[in-house]
2 protein chains.
Amino acid sequence: MSVEDRRVKRLPREVREKQILDAAVRVFSEHGYHEASMDEVSEVAGVSKPMIYAYLGSKEDLFAACIRREAGLLLEAIVAGVDATVAPDMQLWMGLKAFFEFVGGNKQSWRVLHRQVISQGGPFSDEVLAMRSRAITLVDALLVGVATKRGMDEHAQKSTEAMSAALVGASESLADWWLDHPAVPTRTVVAWLMNLVWMGFGDLVEGNTWSPSDH
Amino acid sequence: MSVEDRRVKRLPREVREKQILDAAVRVFSEHGYHEASMDEVSEVAGVSKPMIYAYLGSKEDLFAACIRREAGLLLEAIVAGVDATVAPDMQLWMGLKAFFEFVGGNKQSWRVLHRQVISQGGPFSDEVLAMRSRAITLVDALLVGVATKRGMDEHAQKSTEAMSAALVGASESLADWWLDHPAVPTRTVVAWLMNLVWMGFGDLVEGNTWSPSDH
DNA sequence: CCGTATTCTTACTCCGGAGTAGGTAACGAG
DNA sequence: CTCGTTACCTACTCCGGAGTAAGAATACGG
């Protein structure tokens, strides 16, 4: 009985670190950074608290490590999902699809990345805001490419960064909405967003702008 | 000297409550809910801590009160800014304009509403998510109106709610972006968003949909 | 001028939870 | 077998900050 009963012990450091990070992501995603306690993380990870401090450092460090890992996975998934040789609209399509697929398959990761991080003004936000910036930059590059190629006017070009921010925000928001409506298939959600955003941008490129009648 | 030196004391309850709420909004917007301490709020408000507990209740209650007040002001500003008799696109324009103007003029309120609330899964989120829902519903009504009037197909109609969520998210995200680029005038930002979103929706209504070539 | 209600303060209690001290047990090398 | 190293635990310390007890000072009606 001593063999079976005994908890699996004395695993190499790498494995424990992974277990701890997994547990941390789960706990943080459930309670948020502040409500989460190191005790609960240790409990979920099946490891005592000092291990966490020995391996991952302070609570802040631990959270940052979670962010870094998950953000890396997300970005990785996106760039892996995009074929840079196809047309811009298809690139956007593929990127969005990869994004939504990741969110659908890793809801916890998404919760940690999106909900938790933005609010804390701490050193974490840097981590995620950096990723967010990378995402925005990615989209911006796409838009700028299209805009300059088609000879978009200067004023409209200035708007691409803002548009990218809006698009990224729309994606995030739609992802949240989607979490509450899981019945909708991935392609559908992405198609909706593409229609909203690409058609709108297409008009913009063509010079088909909207403007208020009076005011 | 006793007259001037003496801090202004013994104000009626209403006034104190307002002072406390003002201070709370400021402190919460700077540090976030958890990092904010009641001691700091009391200090900023120029009132001792037990007053807060006497008038506004617990920290949670205080935060909820902030949210309620600010959310109310925001929604009020939006509906006040919209003329329900004009064309739908102008209604959206006016609503967005009112929204961005509010954000520009009340950055602290916005920070509290947007950044802080979403993350905490507590009873606050209900408050703001309710407001968010109202905003989405408002937009959705607009879109549905347009869609049905122009005989949009059923499939596309189903997407209006999602589109509204995306639009609200885009607005929020763009508002955040705007806070970092205050040089851009309000009208301009709103115009960008209108172009992106209304032109896209317009295409959708016309049946001008985008779809991926392969995949 | 007395009682009662309201405004307001100082000076605490108390606890959750971050972080640690110090020790035990398992492995691997020589 | 022993010595060093690494994995791991129990059982604490300690502090920030939420919330409170108990009373002081002012207003005001009668």
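Below, read A as the first sequence line, B as the second, and so on, with proteins coming before strands; counting in each chain starts at 1.
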Visitor: Can you measure B:Leu56 atom CG to D:dG19 atom C1' for me and round it to whole angstrom units?
Guide: 15 Å

Visitor: Considering only C:dC8, D:dC9, C:dT10, which nucleotide approaches the side chain of B:Met51 most closely?
Guide: C:dC8

Visitor: So if I take every side-chain heavy atom of B:Arg16 and compare against C:dT6, C:dC8, D:dC9, which nucleotide ends up nearest?
Guide: C:dC8

Visitor: Any salt bridge linking B:Glu14 with B:Lys18? Criterion: basic side-chain nitrogen under 4.0 Å from a carboxylate oxygen.
Guide: no

Visitor: What is the distance, rounded to the nearest whole Å, between atom CD of B:Glu14 and atom C1' of C:dT7?
Guide: 15 Å

Visitor: What distance do B:Leu96 atom CG and B:Leu174 atom CG have between them, rounded to the nearest 0.5 Å?
Guide: 9.5 Å

Visitor: Could you check how far CD of B:Glu43 sits from P of C:dT10, rounded to whole Å?
Guide: 12 Å

Visitor: Would you tell me if any nitrogen or oxygen in the side chain of B:Arg13 comes within less than 4.0 Å of OP1 or OP2 on C:dT6?
Guide: no

Visitor: For A:Glu70 and A:Ser109, test the side chains for any donor-to-acceptor distance below 3.5 angstrom and give the result as yes or no.
Guide: yes

Visitor: Can you tell me the distance, in whole Å, between the CG atom of B:Leu11 and the P atom of D:dA25?
Guide: 19 Å

Visitor: Kindly say if A:Tyr55 contacts the phosphate of D:dT6, meaning a side-chain N or O under 4.0 Å from OP1 or OP2.
Guide: no

Visitor: Checking A:Arg13 now: which residues fulfil side chain to side chain contact (heavy atoms under 4.5 Å, CB included) with it, not counting sequence neighbours?
Guide: A:Glu17, A:Tyr55

Visitor: Rounded at 0.5 Å granularity, tell me how far NZ in A:Lys49 sits from CG in A:Asp39.
Guide: 4.0 Å

Visitor: Can you tabulate the close N/O pairs, meaning under 3.5 Å, that link protein atoms to atoms of nucleotides 15-18 of chain D?
Guide:
from   : atom 1 : to      : atom 2 : distance (Å)
D:dA18 : OP1    : B:Ala36 : O      : 3.3
D:dA18 : OP1    : B:Lys59 : NZ     : 3.1
D:dA18 : OP2    : B:Met38 : N      : 2.9

Visitor: State whether the distance check finds a donor on one side and an acceptor on the other, under 3.5 Å, for side chain B:Arg10 versus base D:dA27.
Guide: no

Visitor: Round to the nearest Å and state the distance from B:Asp61 atom CG to D:dG19 atom C1'.
Guide: 12 Å

Visitor: Does a salt bridge link A:Arg26 with A:Asp22, judged by any charged N lying under 4.0 Å from a carboxylate O?
Guide: no

